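A, B, ... follow the sequence lines: proteins, then strands. Residue 1 opens every chain. All values reported here derive from a predicted model rather than from experimental measurement.
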Number of protein chains: 2
Amino acid sequence: MNGEDTCMIRGDGGRILRAVLDRICNKWTLLVVATLDQGTVRFTDLHRQIPGISQRMLTLTLRNLEADGLVTRTVHPEVPPRVEYALTPTGKSLIPPALALASWAADHVPEIEATRAAREHG
Amino acid sequence: MNGEDTCMIRGDGGRILRAVLDRICNKWTLLVVATLDQGTVRFTDLHRQIPGISQRMLTLTLRNLEADGLVTRTVHPEVPPRVEYALTPTGKSLIPPALALASWAADHVPEIEATRAAREHG
DNA sequence: CAGTATCCGTAAGGATACTG
DNA sequence: CAGTATCCTTACGGATACTG
């Protein structure tokens, strides 16, 4: 790989790249998508399965994913209420590139953090 | 793909995912890396090839990449000064997952933006 | 040429309390 | 149960001016 074809990244001044970064580059989106890969999940279950997320951020993240057509939201008119979230096909299609990224991280983050740590103290 | 193995993403409460997001989830990093895939590039050439980036953000982005060991910085002691940047092997290894992401964006962003637009006006 | 230094506005996200 | 409503802090990034 030596410059032959990063045009998909750099093309149009990075607009297509920016479009995807605008969606996934926040603290919770990819984590929520990955959690929904197991199937249909209720709000509270998501909240429990994603450590550290607040109700507010979970709601915001889900609403954005819904607006983008990556997640469906199904309200069951019961008491107490039951709301279920699931990935759309488009949402599912995000899993492989997300895995590619996570896989890269698993392979390289240790050395990256070592490099940064070495630089910091001396 | 149905929940069988997103553990690389969700594992450890998403720490490995967060580690990579902390690096690449900003406005310029992936664009700079992609631009450096062509080989060795000078500061001003980078500045010219990445539309919209300020000197300040280019410098900050490069310094972070350098601290992470993804980019080398070579100063040639001349007048006027010449500074060249290039990807390390680790830096190059980031290109494929970045392409996977960009490729996903190229395939799906149009429909995503259509979905969001449809939702917005009514 | 290759940066620093400074100032400033916005927006992302956390904490907490409340509700149909 | 599944959210809203506020308040608040900080971190990111843009604009501009200056320098070895």
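The side chain of A:R42 contributes an N or O atom lying less than 4.0 Å from OP1 or OP2 of D:dA2. Between A:T44 and D:dA2, a side-chain N or O to OP1/OP2 separation shorter than 4.0 Å is present. Taking only side-chain nitrogens and oxygens, A:R63 comes nearer than 4.0 Å to OP1 or OP2 of D:dT4.
Side-chain contact between B:T88 and B:V71 is absent, with no heavy-atom pair separated by less than 4.5 Å. Residues A:N64 and B:R116 have side chains in contact (heavy-atom distance under 4.5 Å, counting atoms from C-beta outward). Taking the side chain as every heavy atom from C-beta outward, B:L99 and A:I9 approach each other to under 4.5 Å.
Between A:E84 atom CD and D:dG3 atom C1' the separation is 16 Å, expressed in whole Å. Separating the CD1 atom of B:I50 from the P atom of C:dA2 is a distance of 14 Å, rounded to the nearest angstrom. Put simply, CG on B:N64 is 14 Å from P on D:dA11, counting in whole angstrom units. The interatomic distance linking A:L46 (CG) with D:dA2 (P) rounds to 9 Å, in whole Å. The separation between B:Y85 atom OH and C:dC1 atom C1' is 11 Å, rounded to whole Å. Computed from coordinates, the A:H76 NE2 to D:dG3 C1' distance equals 17 Å when rounded to whole Å. Between A:M57 atom CE and D:dA5 atom C1' the separation is 15 Å, expressed in whole Å. Taking atom CD1 of B:I53 as the reference point, atom P of C:dA2 lies 14 Å away to the nearest angstrom.
Helical stems of DNA chain C (runs of at least 3 Watson-Crick or G-U pairs, donor-acceptor distances under 3.5 Å) are listed by first residue: C:1-20 with D:1-20.
For residues 45-103 of chain B, no residue pair satisfies the disulfide (SG to SG under 2.5 Å) rule, not counting sequence neighbours. Annotation: disulfide (SG to SG under 2.5 Å) contacts involving residues 28-111 of chain A, sequence neighbours excluded, are absent. Among pairs with a residue in residues 12-78 of chain B, those fulfilling disulfide (SG to SG under 2.5 Å) read A:C25-B:C25, at least two apart in sequence or across chains.
A:E84 is linked by a salt bridge (charged side-chain N to carboxylate O under 4.0 Å, His left out) to A:R82, counting only residues two or more places apart in sequence or in another chain. Looking at residues two or more places apart in sequence or on another chain, you find a side chain to side chain contact (heavy atoms under 4.5 Å, CB included) between B:T61 and B:W28, B:T29, B:V32, B:L65.
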Can you give each donor-acceptor pair under 3.5 Å made by side-chain atoms of residues 11-24 of chain B, sequence neighbours left out, with the distance rounded to 0.1 Å?
residue, atom, partner, partner atom, Å
B:R23, NH1, B:D68, OD1, 2.7
B:R23, NH1, B:D68, OD2, 3.0

For residues 41-48 of chain B, please give each side-chain donor-acceptor pair under 3.5 Å, one per line with the distance, not counting sequence neighbours.
residue, atom, partner, partner atom, Å
B:D45, OD1, B:R48, NH2, 3.3
B:H47, NE2, B:I53, O, 3.1

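The stretch residues 22-35 of chain B comes close to DNA chain D through B:N26, B:K27, B:W28, each having a heavy atom under 4.0 Å from the strand.
Grouping Ile, Leu, Val, Met, Phe, Trp and Tyr by side-chain contacts under 4.5 Å, direct or through others, leaves B:V79 on its own.
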With the criterion being N/O to N/O and under 3.5 Å, what pairs connect the protein with nucleotides 9-11 of chain C, and how long is each?
none

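Looking only at distances, no side-chain donor or acceptor of B:E113 sits under 3.5 Å from a matching main-chain atom of B:P110. Within the 3.5 Å criterion, the main-chain N or O of A:T90 finds a donor-acceptor partner in the side chain of A:S93.
Inspection of the B:E66 and B:T72 side chains reveals no N or O donor paired with an N or O acceptor under 3.5 Å.
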Letter per nucleotide, 5' to 3', of nucleotides 15-20 of chain C [B base touched, S only sugar-phosphate touched, - untouched; heavy atoms, 4.0 Å]: B----B
